[in-house]
Every structure is written in structure tokens, then in C-alpha cells.
Amino acid sequence: MSNVLLTGAAGNLGKVLRNKLAGQYDLLRLSDLGEMDPAGPGEETVQCDLGDAGAVMQLAKGMDAIIHLGGMSVENTFEVILNANIRGTYNIYEAARKNGVGRVIFASSNHAIGFHEREKRLDADAPLRPDSLYGVSKGFGEILAQYYFDKFGIETVSIRIGSSFAEPANRRMLATWLSFDDLASLVRRAIAADRVGCTVVYGASDNPEQWWDNSKAAFLGWQPRDSSAQFADDPKFRDEVNDPSDPAVRYQGGGFAAAGHFED
Ligand SMILES: NC(=O)c1ccc[n+]([C@@H]2O[C@H](COP(=O)([O-])OP(=O)(O)OC[C@H]3O[C@@H](n4cnc5c(N)ncnc54)[C@H](O)[C@@H]3O)[C@@H](O)[C@H]2O)c1
């Protein structure tokens with residue numbers, strides 16, 4: 001895979017991956033609605049809206065793989081989610097199909113399964129239980145990926161990212177944390193593997209508290225190296241008050257599951 005498109009390149013994880021994947025492919029084409037730093041060696045930047053089918057068609061030209069991070073990354077109105085995540089992801093798959101791009105790495109989310117309770121250990125076959133319109137849009141992306149695989153053979157690794165930040169910010173994230181290095185190694189494996197089919201993998205580091213079972217994606221050979229254990233003794237987590245009857249504590253999606261409907 002020598003030519004790789006990275007959408008969402010101006011976002012938090014886009015910047016992380018731009019940095020960590022630098023120099024590893026012949027071309028890293030970076031795209032976002034927002035402004036990006038100027039292209040360096042082996043890079044191109046293209047500013048466009050994922051909702052613009054014509055622009056996305058151009059974006060995928062000559063690419064071997066697409067890392068699709070772009071979109072609305074938290075809950076929002078249906079109109080915003082519709083354009084950025086639903087239409088945007090459809091445009092990405094159509095562009096992949098028409099340009100002969102064989103593989104997509106899709107940034108899905110734990111919020112696609114956020115209404116499962118925390119005591120349940122989920123694997124890749126757990127039913128979708130989105131906790132928000134945002135989570136619904138990620139479920140849509142995963143199902144779209146399945147359709148494009150079954151009909152057209154386009155492969156996808158959908159990464160149900162937990163919480164990918166420099167450090168966990170609250171007690172829930174001690175379970176859901178995905179370090180930046182582990183994110184990058186997972187994306188690299190998803191691109192390098194000979195075959196991936198249509199696979200769901202949970203994006204979490206090797207944390208002591210584990211809600212997710214990645215055995216069905218074991219063929220990828222991805223081993224997270226980091227762990228939230230190094231943060232667990234921090235008093236800010238120990239002293240955090242967690243009421244077990246609070247939906248934010250009961251459900252895996254945390255605050256997204258507890259929040260009201262965004263449109264109300
Ligand atoms: N950070 C996490 O912990 C986490 C967890 C679960 C899933 N994810 C997913 O990973 C991806 C990256 O997350 P992030 O934290 O970097 O989010 P982010 O919000 O920082 O980045 C998303 C980027 O997408 C761009 N974008 C939004 N709408 C667009 C549109 N219509 N056209 C083109 N670009 C558009 C934004 O400008 C932004 O730069 C997202 O898809 C998010 O849903 C992230």
C-alpha cells in the first residue's frame with residue numbers, strides 16, 4: 001500500500017497519525033474541511049468537505065488505501081451528522097469503488113455500542129447499540145463497509161476507538177484509553193496485513209479494566225503495548241465519585257449514553 005489518503009487530517013487524531021505515519025508510504029494525501037499545515041515531503045494536502053461527492057471522488061484518485069477519520073467526532077444535530085458522517089462516509093466508499101481503492105480503515109467508535117452495560121465483555125459480533133446520533137452514524141459506516149465488502153470486495157478494518165488522548169481524563173477512560181502509539185500501530189497493521197476482509201477491532205490499549213475482546217481480529221497480529229495502569233493511582237481518578245445507578249456509569253458509552261437527545 002504505497003499511496004494512502006488520510007481524512008480528518010486537521011483533527012486531533014489526524015495530526016497524530018500524520019506525524020506517526022510520516023515517511024512510511026510513497027504518498028500520504030491529507031484532507032480536511034479545516035486548514036492543515038503545509039505539505040511536507042511525501043505529502044499532499046487537499047481541503048474539502050466530505051459531503052461534496054465530486055471533491056471526494058477526486059480525493060481518492062490514485063490511492064491504495066484510505067484512513068477515514070474525518071467527520072463530526074461528537075454528538076451534534078442530525079443535519080451535521082448526516083453531511084459529515086453519513087453522506088461523507090458514503091462518498092468515501094463510492095470514491096473507493098470508482099477509483100479501485102482496495103482498503104479502508106474506518107474510525108468507528110465505542111459509541112456505536114455505547115448502550116451495552118459495562119459488565120458485558122463485547123466482541124466483534126456484539127449487536128450495535130448506539131448511544132447517540134453520532135453512534136448511529138458510526139454503526140452506519142460499519143454496515144456500509146460490510147455492504148461494500150460483500151458486493152465489491154473492498155476491505156475495511158473498522159476501529160471502534162475507545163478514548164484516544166494523550167492521557168485518560170477520567171475513570172471511565174482507564175478502561176477505554178487508546179494511546180497514540182497503540183492507535184498508530186493498529187492503523188499500520190490494518191494497512192500492512194495481506195488480507196483483512198471486513199473486520200471490527202476495538203481500539204483500546206492493554207488496560208487493566210477490559211470491556212472488549214479482540215480475539216476475532218487476532219489475525220491482524222496487533223498487540224497494544226501501552227496500558228492505563230500507569231495512571232490508575234492518580235488521586236483524580238481514585239477520588240472521582242461514580243454513582244453506579246448513573247447511566248454514565250452503567251453504560252459503556254458513558255456521558256453519551258446519559259445525555260438527552262441532542263435535537264431537544
Ligand atoms: N479521539 C477519540 O478518542 C475518538 C474516539 C472514537 C472515535 N473517534 C473518531 O476518530 C476520528 C478522529 O477523531 P478526532 O478526535 O481526531 O476528532 P476531531 O474532531 O479532532 O477531527 C475530526 C476532523 O474531521 C474534520 N471534519 C468534520 N466534518 C468534516 C466534513 N464535513 N468534511 C471534511 N472534514 C470534516 C474536522 O475538521 C476535524 O479536523 C473521528 O471520526 C472520530 O469520530 C475518535
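Of the residues Met63, Lys61, Glu44, the one that meets the side chain to side chain contact (heavy atoms under 4.5 Å, CB included) test with Leu5 is Met63.
Across all their heavy atoms, Ile113 and Pro127 have their closest contact at CG2-O, 3.8 Å. Contact between Phe262 and Asn76 at its shortest, heavy atoms only, is CD2-C, 3.2 Å. Looking at every heavy atom in both residues, Ala112 comes nearest to Gly139 through CB-N, 4.1 Å. Thr7 approaches Leu50 most closely through the heavy-atom pair CG2-CD2, 4.2 Å. Nearest heavy-atom pair, Ala257 versus Tyr251, reported as atom, atom and distance to 0.1 Å: CB-CB, 3.7 Å. Summarising the geometry of Leu174 relative to Ser228, their closest heavy-atom pair is O-OG, 2.6 Å, with the distance given to 0.1 Å.
Of the inter-residue distances, the one linking Arg172 atom CZ with Arg118 atom CZ reads 6.5 Å to the nearest 0.5 angstrom. Atom CD of Gln146 is separated from atom CD1 of Ile154 by 12.5 Å, given to the nearest 0.5 angstrom. Here the CZ-CG distance, from Phe78 to Leu133, works out to 7.0 Å after rounding to the nearest 0.5 Å. Atom CD of residue Glu155 and atom CD1 of residue Ile105 lie 9.0 Å apart, to the nearest 0.5 angstrom. In this structure, CZ on Arg18 lies 15.0 Å from CG on Leu13, to the nearest 0.5 angstrom.
For the residue pair Glu79/Asn83, the side-chain donor-acceptor check at 3.5 Å is not satisfied. Side-chain contact of Trp222 with Ser185: a donor-acceptor pair under 3.5 Å is present, judged by distance alone. A side-chain N or O of Tyr93 and one of Thr156 form a donor-acceptor pair less than 3.5 Å apart. For Ser108 and Ser158, the side-chain atoms include no donor-acceptor pair closer than 3.5 Å.
Here Asp125 pairs with Asp123, Lys216 under the side chain to side chain contact (heavy atoms under 4.5 Å, CB included) rule; sequence neighbours left out. Checked against side chain to side chain contact (heavy atoms under 4.5 Å, CB included), Asp226 has the following partners two or more places apart in sequence or in another chain: Trp177, Ser179, Asp181, Asp182, Ser205.
Counting Ile, Leu, Val, Met, Phe, Trp and Tyr side chains that sit under 4.5 Å apart, directly or through other members, Val136 stands alone, with no cluster partners.
Arg171 and Glu240 are not joined by a salt bridge, as no carboxylate oxygen comes within less than 4.0 angstrom of a charged side-chain nitrogen. At a threshold of 4.0 Å, the pair Arg160-Glu142 counts as salt-bridged, since one of the basic side-chain nitrogens sits closer than that to a carboxylate oxygen. Using a 4.0 Å cut-off between charged side-chain N and carboxylate O, Glu94 and Lys98 make a salt bridge.
Side chains of Tyr90 and Leu144 form a contact here, defined as non-hydrogen atoms less than 4.5 Å apart.
The side-chain tip of Arg97 points at the ring of Phe152 from less than 6.0 angstrom away and within 45° of straight on.
In terms of modelled atom types and a separation under 3.5 Å, the side chain of Asn207 and the main chain of Gln210 share no donor-acceptor contact. Arg129 places no side-chain N or O within donor-acceptor distance of the main-chain N or O of His116, the cut-off being under 3.5 Å.
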